[in-house]
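Naming convention: chains lettered A, B, ... in sequence-line order (proteins, then strands); numbering from 1 in each chain.
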Protein chains: 4
Amino acid sequence: MAQSDTVTRILDTAEVLFAERGFAETSLRNITSKARVNLAAVNYHFGSKKALIQAVFSRYLDPFSQRFHTALDELEGQHRGRVIPLETLLETMATTVLAVPAERNSLKVFMRLLGLAYSQAQGHLRRHIQQEYGDVFTRFSELVRKATPDLPDAERFWRLHFMLGTVIFTLSGLDALRDIAEKDYHEQVSVRDLVRRLLPVVVAAMNAPLPLALEEGKPEEGKHANAYAS
Amino acid sequence: MAQSDTVTRILDTAEVLFAERGFAETSLRNITSKARVNLAAVNYHFGSKKALIQAVFSRYLDPFSQRFHTALDELEGQHRGRVIPLETLLETMATTVLAVPAERNSLKVFMRLLGLAYSQAQGHLRRHIQQEYGDVFTRFSELVRKATPDLPDAERFWRLHFMLGTVIFTLSGLDALRDIAEKDYHEQVSVRDLVRRLLPVVVAAMNAPLPLALEEGKPEEGKHANAYAS
Amino acid sequence: MAQSDTVTRILDTAEVLFAERGFAETSLRNITSKARVNLAAVNYHFGSKKALIQAVFSRYLDPFSQRFHTALDELEGQHRGRVIPLETLLETMATTVLAVPAERNSLKVFMRLLGLAYSQAQGHLRRHIQQEYGDVFTRFSELVRKATPDLPDAERFWRLHFMLGTVIFTLSGLDALRDIAEKDYHEQVSVRDLVRRLLPVVVAAMNAPLPLALEEGKPEEGKHANAYAS
Amino acid sequence: MAQSDTVTRILDTAEVLFAERGFAETSLRNITSKARVNLAAVNYHFGSKKALIQAVFSRYLDPFSQRFHTALDELEGQHRGRVIPLETLLETMATTVLAVPAERNSLKVFMRLLGLAYSQAQGHLRRHIQQEYGDVFTRFSELVRKATPDLPDAERFWRLHFMLGTVIFTLSGLDALRDIAEKDYHEQVSVRDLVRRLLPVVVAAMNAPLPLALEEGKPEEGKHANAYAS
DNA sequence: CATGAATGAGAATTCATTCAT
DNA sequence: TATGAATGAATTCTCATTCAT
């Protein structure tokens with residue numbers, strides 16, 4: 001068997017199985033037998049199951065992180081210190097997110113993995129992601145902060161994660177949702193379609209009026225309070 | 001030990017542990033030893049681990065389904081055929097969702113179960129949910145349709161699921177997010193806080209302008225189109 | 001299978017295999033298959049391999065500890081505060097040591113286990129033994145101290161362990177040595193014979209003159225210094 | 001990396017790790033990674049783990065055997081047929097034993113190997129030792145016989161092995177004992193200290209009165225009989 | 001000569017489940 | 001009705017060894 005072929009096959013198989021069943025429900029036996037690789041190969045090449053999980057993530061996040069940094073560089077160059085509109089930021093992110101898995105397996109897998117990283121009890125994964133890719137997210141957050149100056153920091157944090165949930169949930173459960181949509185509305189939705197649908201929703205969500213309780217003592221926002229259903 | 005005391009203790013312990021660690025990561029040993037109950041008791045009383053998971057879920061789902069039906073009955077009674085505003089619908093849902101776990105342990109396990117219901121590996125759960133949950137959701141969807149008459153059906157379908165994603169992702173991954181929020185913003189967020197924050201976001205998202213490509217031939221929405229980044 | 005039969009069979013088999021091969025070289029598979037017991041039984045009944053090792057020891061040391069305390073009680077009763085001669089102490093110990101394994105498997109196994117406890121990298125075992133049985137040894141040591149008042153404490157400590165080595169090494173390697181002795185000297189030695197041979201040697205060793213370097217400034221021991229080869 | 005540098009580094013590392021943890025507890029991975037040598041190097045250079053153990057041992061045994069023969073040659077030359085005193089023999093042996101590891105790492109691994117040589121599980125080692133070691137031991141035994149003419153042959157055999165046990169047990173379990181000694185007596189004992197302590201003890205043990213039962217019909221030893229407890 | 005990659009065997013442990021009582 | 005004991009299957013991981021290069 002060729003040199004790093006084994007490593008690639010393990011990663012390919014692992015990411016599919018992880019996405020299908022979750023981390024705990026996928027055993028190294030599952031992976032290695034489906035990858036037609038020796039059972040000990042995972043431990044040999046990655047050291048542990050934990051490390052394999054992290055490696056699967058890195059294969060997506062490393063190029064994403066790199067490309068996103070580049071894209072933000074360009075964007076900042078174009079705007080020369082001026083505020084980059086939220087919509088532009090989100091479109092750039094969407095483009096980058098779409099670009100990476102296009103070369104790899106699928107967006108669905110990536111998103112399902114991301115979802116698992118947050119919902120499953122994989123503290124090590126969250127720590128790993130925050131450690132390795134925290135700065136890209138921080139940089140992006142900072143640009144979003146400038147684009148939404150009226151939003152309190154905590155509120156912005158939560159809304160970003162609300163939207164992360166939207167995106168991850170939708171794209172990771174894509175197949176199931178697509179089935180229903182097709183059956184009920186006779187629509188063939190591509191990932192690009194979905195992202196197009198997502199963009200205005202996310203922008204509107206980020207710009208939603210503040211929740212009532214936070215506005216006490218902030219009368220200048222009062223007019224928005226009744227506006228959000230208009 | 002009293003008759004059904006054992007059953008209750010198992011359910012109480014199981015829901016806490018499931019919420020903390022997930023299903024696969026929680027063993028029956030964990031549950032029975034923490035519940036100070038015989039190891040065989042789960043299999044004796046519930047038959048299997050799967051059945052226990054569903055039982056934990058039913059303890060949330062059954063009263064929720066019942067209460068939500070009642071709440072919608074009341075709402076429809078009050079509005080006597082008139083359209084119920086989206087905001088009212090969402091507030092009612094939020095209130096009901098919060099009411100049930102308030103009596104019980106936490107919303108987290110409920111949401112985590114919902115989240116897993118969408119993952120392949122827990123097929124039995126999804127089937128279980130659709131059986132119990134399907135008609136309430138259908139009824140709710142229909143009311144939402146009436147409240148958002150301008151939204152194409154397909155768009156409404158997607159946005160409902162976008163928001164489902166937001167809610168499930170946020171509440172099921174609550175611990176992870178809470179950790180980060182606490183570290184970065186020194187905020188102690190309760191579930192109620194989060195729901196309060198969620199409401200305007202969800203409303204705004206549902207009312208977001210339609211995506212550009214879908215607006216061709218729908219000029220009456222054009223004014224919104226430019227509005228969403230303002 | 002009868003109730004605690006499994007436990008007994010595991011202990012019986014484990015002690016033999018441990019003595020034959022050492023701890024690390026004896027796998028739980030070895031033990032359970034030879035004991036005709038389920039592989040998981042060790043973990044079920046003892047929790048871990050470590051705990052099994054300690055249990056094997058306890059089965060010897062608990063009755064020994066008990067009996068030795070009783071024997072020392074009697075001895076102290078007989079001597080009513082007067083010093084108990086070293087020879088008497090050693091004879092009492094020998095008798096107790098011989099009594100316990102007589103009911104159990106064999107002295108050889110016990111001794112080999114003791115030897116392993118000191119020579120193999122089983123830190124947990126040494127700690128366990130010291131914790132559980134330290135006080136008997138301490139009590140014995142104290143009586144030995146009174147019986148050998150001229151010996152510096154450290155010197156006594158080392159000599160006691162020298163003798164422990166003698167006894168453990170001899171009795172644990174008994175079969176091999178017995179073979180050679182029989183072949184070369186046509187002698188049939190029983191364990192009792194060996195203990196009889198050991199006694200004067202141990203007494204002489206304990207009463208040996210102090211090593212030269214320690215005698216500087218202790219001229220009153222000088223006469224012994226030249227005596228030990230006489 | 002230079003030619004036999006690898007071999008030396010493996011041996012150096014192996015002997016340290018073997019002494020620290022024992023043989024079974026030391027994996028080839030441990031050795032090669034600590035020696036910064038390829039994992040396959042042990043099998044390449046030595047053939048197997050067994051062979052490595054023997055090689056480690058030979059590095060002690062070969063020079064010891066050679067030097068001890070030389071030392072005994074000198075001794076016999078000095079005494080020209082006259083009896084060499086027991087003390088001198090033991091001192092010579094001690095000196096030789098100490099001299100070899102002085103050039104190398106420690107006495108501990110040497111003794112631990114010796115100790116294991118008597119344990120069933122390391123049959124290959126015992127065979128290896130008897131091949132290399134047998135004639136030196138035979139020669140030494142014969143000189144001891146001449147130095148202790150009053151000792152029955154069988155008694156001498158047993159006492160030599162008693163003392164072998166003392167030495168091997170003490171020096172192979174050195175770390176454990178040193179731990180206790182340090183904790184209780186705040187003494188930092190070196191190997192040299194221990195050997196100094198051992199010498200008078202061994203001499204006294206060899207010269208101990210004969211056990212009572214063997215003295216029947218041997219009245220000329222009677223005076224010693226009561227002496228050993230004095 | 002030397003090594004990175006790979007492997008089959010086996011390690012301890014944990015699992016959900018079953019069974020005799 | 002309830003449970004302590006037991007079990008077979010599966011878990012991750014480590015082992016010494018081999019092999020192609």
Whole angstrom is fine here: how far is it from [atom1] in [X] over to [atom2] in [N]?
X        : N       : atom1 : atom2 : value
Asn38(B) : dT17(E) : CG    : P     : 15 Å
Ile31(B) : dT17(E) : CD1   : P     : 11 Å
Ile10(B) : dA16(E) : CD1   : P     : 13 Å
Arg21(C) : dA11(E) : CZ    : C1'   : 14 Å
Arg36(B) : dA2(F)  : CZ    : P     : 18 Å
Glu25(D) : dC15(F) : CD    : P     : 11 Å
Phe46(C) : dA5(F)  : CZ    : P     : 12 Å
Leu52(B) : dT17(E) : CG    : P     : 10 Å

Checklist entry - Got a salt bridge between Arg59(B) and Asp12(B), using NZ or NE/NH1/NH2 to carboxylate O under 4.0 Å? => result yes
By nearest atom, which of the nucleotides [options] is closest to the [X] side chain?
X        : options                   : value
Leu28(C) : dG8(F), dA12(E), dT7(E)   : dA12(E)
Lys49(B) : dA16(E), dT12(F), dT17(F) : dA16(E)
Leu39(B) : dA6(F), dG4(E), dG8(F)    : dA6(F)

Next on the checklist: Base, sugar-phosphate or nothing for Thr26(D)? Non-hydrogen atoms, less than 4.0 Å.
Outcome noted: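 Sugar-phosphate, backbone atoms only, no base.
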Between [X] and [N], does any side-chain N or O lie under 4.0 Å from OP1 or OP2?
X        : N       : answer
Ser27(C) : dA11(E) : yes
Asn43(B) : dA16(E) : no
Arg29(C) : dA11(E) : yes
Tyr44(A) : dA5(E)  : yes
His45(C) : dA5(F)  : no

Measuring from atom [atom1] of [X] to atom [atom2] of [Y], what distance do you get when rounded to the nearest 0.5 angstrom?
X         : Y         : atom1 : atom2 : result
Thr8(D)   : His45(D)  : OG1   : NE2   : 10.0 Å
Ile168(C) : Ile168(D) : CD1   : CD1   : 13.0 Å
Thr26(D)  : Leu28(D)  : OG1   : CG    : 9.5 Å

Item to check | Pair assignment for dA2(E), Watson-Crick or G-U wobble, requiring both distances under 3.5 Å | outcome: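 The answer is dT21(F), by the H-bond criterion.
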Checklist entry - Now, which nucleotide makes the Watson-Crick or G-U wobble pair with dT7(F), with each of the two distances under 3.5 Å? => result dA16(E)
Next on the checklist: Can you classify the ring geometry of Phe57(C) versus Phe23(C) as parallel (below 30°), tilted (30 to 60°) or perpendicular (above 60°)?
Outcome noted: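 If you compare the ring of Phe57(C) with that of Phe23(C), the planes turn out tilted.
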Next on the checklist: By nearest heavy atom, map Ala40(C) and Gly47(D) onto DNA chain F; which one lands nearer the 5' end?
Outcome noted: Ala40(C)
